[in-house]
S.K.: 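One structure, as structure tokens, below. Some questions next.
Along the sequence shown, the residues carry numbers beginning at 1.
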Amino acid sequence: MDEIVISGGRKLSGEIAVSGSKNAVLPLMVAGLLTDEKLTLRGTPRLADTRTLANVLRELGAEVEEFGQGPGEGVNVQAADLASTRASYEWVSKMRASFWVLGPILARAHEAQVSLPGGCAIGTRPVDLYLNGLAAMGADINVEGGYVNATAQGGLKGARVDFPFVSVGATHVLMMAASLAKGETVITNAATEPEVVDVGHCLQAMGARIDGLGTRSLTIQGVERLSGADHTVTRDRIEAGAFALAVAATAGDVTLTGIDEAALGALAPAMRLAGVALRDAPDGLQVKGPSGRPQATPITTEPYPGFATDLQAPFMGLMCCADGVTRIRETIFENRFMHVQELARLGADISLEGDTAIVTGVEKLYGAPVMATDLRASVTLVIAGLMAEGETRISRVYHLDRGYERIEEKLSAVGAQIWRQSA
Ligand code: EPZ
């Protein structure tokens, strides 16, 4: 198995191109199942997760083909026929977003059997919102042998779906299902994450009638059929955030091309409070780390537009060496602090009190062998390794490969000493 090795203490400087968003491209590929025509997605990242999802879609009879190189990269999805309505445990267990095929298959074929999902072990992650929403739209659902079996004789019907709290995935799935249902669906407490808006725009280009994108209430008039489309995927604000934090952590000066400050959302004001300079430049966002230690800056994760849970771990990485004590509260997932014990191996001083991590900034971190435990924890260890004195070896890097495209190449190009080797 591969390891990532980092020799810390180098300032990053130069330019990093931000890739297409993982959490947008996954539901966009799923949306390809809603039509028999070709959906072309441009600016897509090449990741282990997109390869896994491609296999799920192929199992259902779709053709999935990557094309192009570098900035011209993309993927075509065409599900001329749904050869199968069953998404098996073998693939769905590898990644939670594969479960999202449930919505399009059910909407298009009026029946679906989809394995319960896997994904990062960051909490229990139930699927009740999906199932209750689809049931409100007339689906008959039972869960047996680890599979969700759903049927909708005569097709799904428009309905009112009141989510008790915000779920990104349930919003994607219900928005897709409602686009091909009969009549009007109103979704309240919808997610407003930029990735949901991106998927909504692509669905609109496919002929869906969706109002209210980016607000907590979506109104969708179902249509008989959707067409293909040609859509460019939004840039990855979570990848961009991790790079911005890596730059800050090394007191570097890097321009992140393809995004602006607004794309960082609530991370931007938190970074400014920590003493990081951010400036929108013609080619992207210039990030300049503080010359001394960053200021301790408390955060609480919340649904968008709040501080993204996917940036909680990387932000904690920066705060390990902050001047002062930082309280970091995680309100979305109940088990998303697995990076804490690995950061401690590098010399961080962090204690946990329920949903809050209390980080007492230390002067320095020191390299050590550490283990990636989930996707966002793994990039946190990269950030910490870049800050640390000496060598950090990160094992289980398959977590990193799920969501960060060529990360060691991108960071080497701006001066980091980071490489991959077979353990
Ligand atoms: C998406 O996951 C993202 N995944 C996650 O990113 C992200 O952390 C999360 O949204 C929150 O922003 C993708 O986009 C592929 P949720 P999702 O449904 O949709 C609970 C990463 O690292 N819930 O918004 O699965 C759930 O357990 C990943 O890239 C239910 O209780 O997240 C959680 O506590 C990790 N019942 C909360 O809602 C349900 O039926 C929010 O989860 C559905 C969700």
Side-chain angles (χ1 to χ4, degrees), residues 21-24 26-27 49 95-97 99-100 116-133 162-175 187-199 214-216 236-242 245 263-271 297-319 326-343 350 352-359 372-380 383 399 402-403:
S21 161
K22 168 183 91 78
N23 286 350
L26 295 174
D49 270 10
M95 185 183 66
R96 186 170 171 90
F99 180 73
W100 299 347
L116 287 167
C120 282
I122 53 182
T124 51
R125 306 185 81 183
V127 293
D128 50 329
L129 266 60
Y130 300 75
L131 303 191
N132 294 342
D162 296 313
F163 287 136
F165 49 86
V166 174
S167 160
V168 171
T171 304
H172 282 310
V173 166
L174 269 291
M175 185 164 72
I187 302 174
T188 62
N189 231 351
T192 60
E193 269 65 4
E195 295 77 19
V196 172
V197 174
D198 196 36
V199 171
T215 74
R216 289 270 175 254
D236 197 319
R237 65 192 171 103
I238 306 298
E239 186 206 34
L245 289 162
L264 295 187
L267 175 64
M271 287 188 76
T297 305
I299 54 149
T300 297
T301 64
E302 277 164 351
Y304 191 84
F307 193 99
T309 172
D310 290 348
L311 287 168
Q312 175 260 111
F315 192 78
M316 191 184 298
L318 177 66
M319 288 297 106
T326 311
R327 293 179 71 85
I328 296 184
R329 187 164 168 242
E330 170 60 55
T331 71
I332 308 289
F333 292 107
E334 69 276 17
N335 189 24
R336 212 173 197 183
F337 281 138
M338 285 179 297
H339 42 285
V340 166
Q341 63 187 28
E342 298 304 307
L343 289 170
I350 308 171
L352 290 177
E353 271 179 21
D355 66 1
T356 302
I358 297 146
V359 186
T373 50
D374 65 71
L375 172 59
R376 306 305 173 186
S378 62
V379 84
T380 305
I383 294 169
H399 288 294
R402 287 190 46 204

S.K.: Could you tell me if the side chain of Thr192 sits less than 4.5 Å from the side chain of Val197, heavy atoms only?
M.R.: no
S.K.: Please determine, by modelled atom types, if Thr331 and Glu302 share a side-chain donor-acceptor pair under 3.5 angstrom.
M.R.: no
S.K.: Taking the side chain as C-beta and beyond, is there a heavy-atom pair between Pro303 and Ile332 under 4.5 Å?
M.R.: yes
S.K.: Closest heavy-atom contact between Pro314 and Ile383?
M.R.: CB-CD1, 3.7 Å
S.K.: Counting C-beta onward and ignoring hydrogens, is there a side-chain heavy-atom pair between Met316 and Val340 closer than 4.5 Å?
M.R.: yes
S.K.: Over all heavy atoms of both residues, which pair between Leu267 and Phe315 is shortest? Give the atoms and the distance, please.
M.R.: CD1-CD1, 3.8 Å
S.K.: Any side-chain heavy atom of Val199 sitting closer than 4.5 Å to one from Thr171?
M.R.: no
S.K.: Is any NZ, NE, NH1 or NH2 atom of the basic residue among Arg96 and Asp49 found under 4.0 Å from an Asp or Glu carboxylate oxygen of the other?
M.R.: no
S.K.: Does any part of the side chain of Met95, heavy atoms only, come nearer than 4.5 Å to the side chain of Leu26, both counted from C-beta?
M.R.: yes
S.K.: Kindly compute the distance separating OG1 (Thr301) from CZ (Arg329), expressed to the nearest 0.5 Å.
M.R.: 8.0 Å
S.K.: I need the Arg216 CZ to Ile187 CD1 distance, nearest 0.5 Å.
M.R.: 12.5 Å
S.K.: Is a side-chain N or O of Arg237 found less than 3.5 angstrom from the main chain of Leu264, in a donor-acceptor match?
M.R.: no
S.K.: So, for His399 and Ser378, which heavy atoms are closest and what is the spacing to 0.1 Å?
M.R.: C-OG, 4.0 Å
S.K.: State, without any angle test, whether His172 and Glu193 hold a side-chain donor-acceptor pair at a distance under 3.5 Å.
M.R.: no
S.K.: Return the CD1 to CD1 distance between Ile350 and Ile328, rounded to the nearest 0.5 Å.
M.R.: 7.5 Å
S.K.: Going by heavy atoms in the side chains, are Lys22 and Leu375 under 4.5 Å from each other?
M.R.: yes
S.K.: Looking at OG1 of Thr380 and CD of Gln312, how far apart are the two atoms once the value is rounded to the nearest 0.5 Å?
M.R.: 7.5 Å
S.K.: Looking at Arg327, I want to see if its CZ is surrounded by more than 12 non-hydrogen atoms of other residues, nucleotides or ligands under 6.0 Å.
M.R.: no
S.K.: Closest approach of Ala308 and Ile238, non-hydrogen atoms and distance?
M.R.: CB-CD1, 4.1 Å
S.K.: Might you point out which heavy atoms bring Leu174 and Tyr130 nearest each other, and give the distance in Å?
M.R.: CD2-O, 4.1 Å
S.K.: I'd like to know whether Phe165 forms a side chain to side chain contact (heavy atoms under 4.5 Å, CB included) with Leu129, so could you lay out the CA-CA distance, the side-chain angles of the two residues, the decisive distance to 0.1 Å, and finally the verdict.
M.R.: CA-CA 9 Å; Phe165 49 86; Leu129 266 60; 3.7 Å; yes
S.K.: Contact between Glu195 and Val168 at the side-chain level, heavy atoms closer than 4.5 Å - yes or no?
M.R.: no
S.K.: Looking at every heavy atom in both Val196 and Ala191, which two are closest together, and how far apart are they?
M.R.: CG1-O, 3.6 Å
S.K.: Only one of Thr373, Asp374, Asp310 clears side chain to side chain donor-acceptor pair (under 3.5 Å) with Arg336; which?
M.R.: Asp310
S.K.: Any side-chain heavy atom of Pro164 within less than 4.5 Å of one from Asn189?
M.R.: no
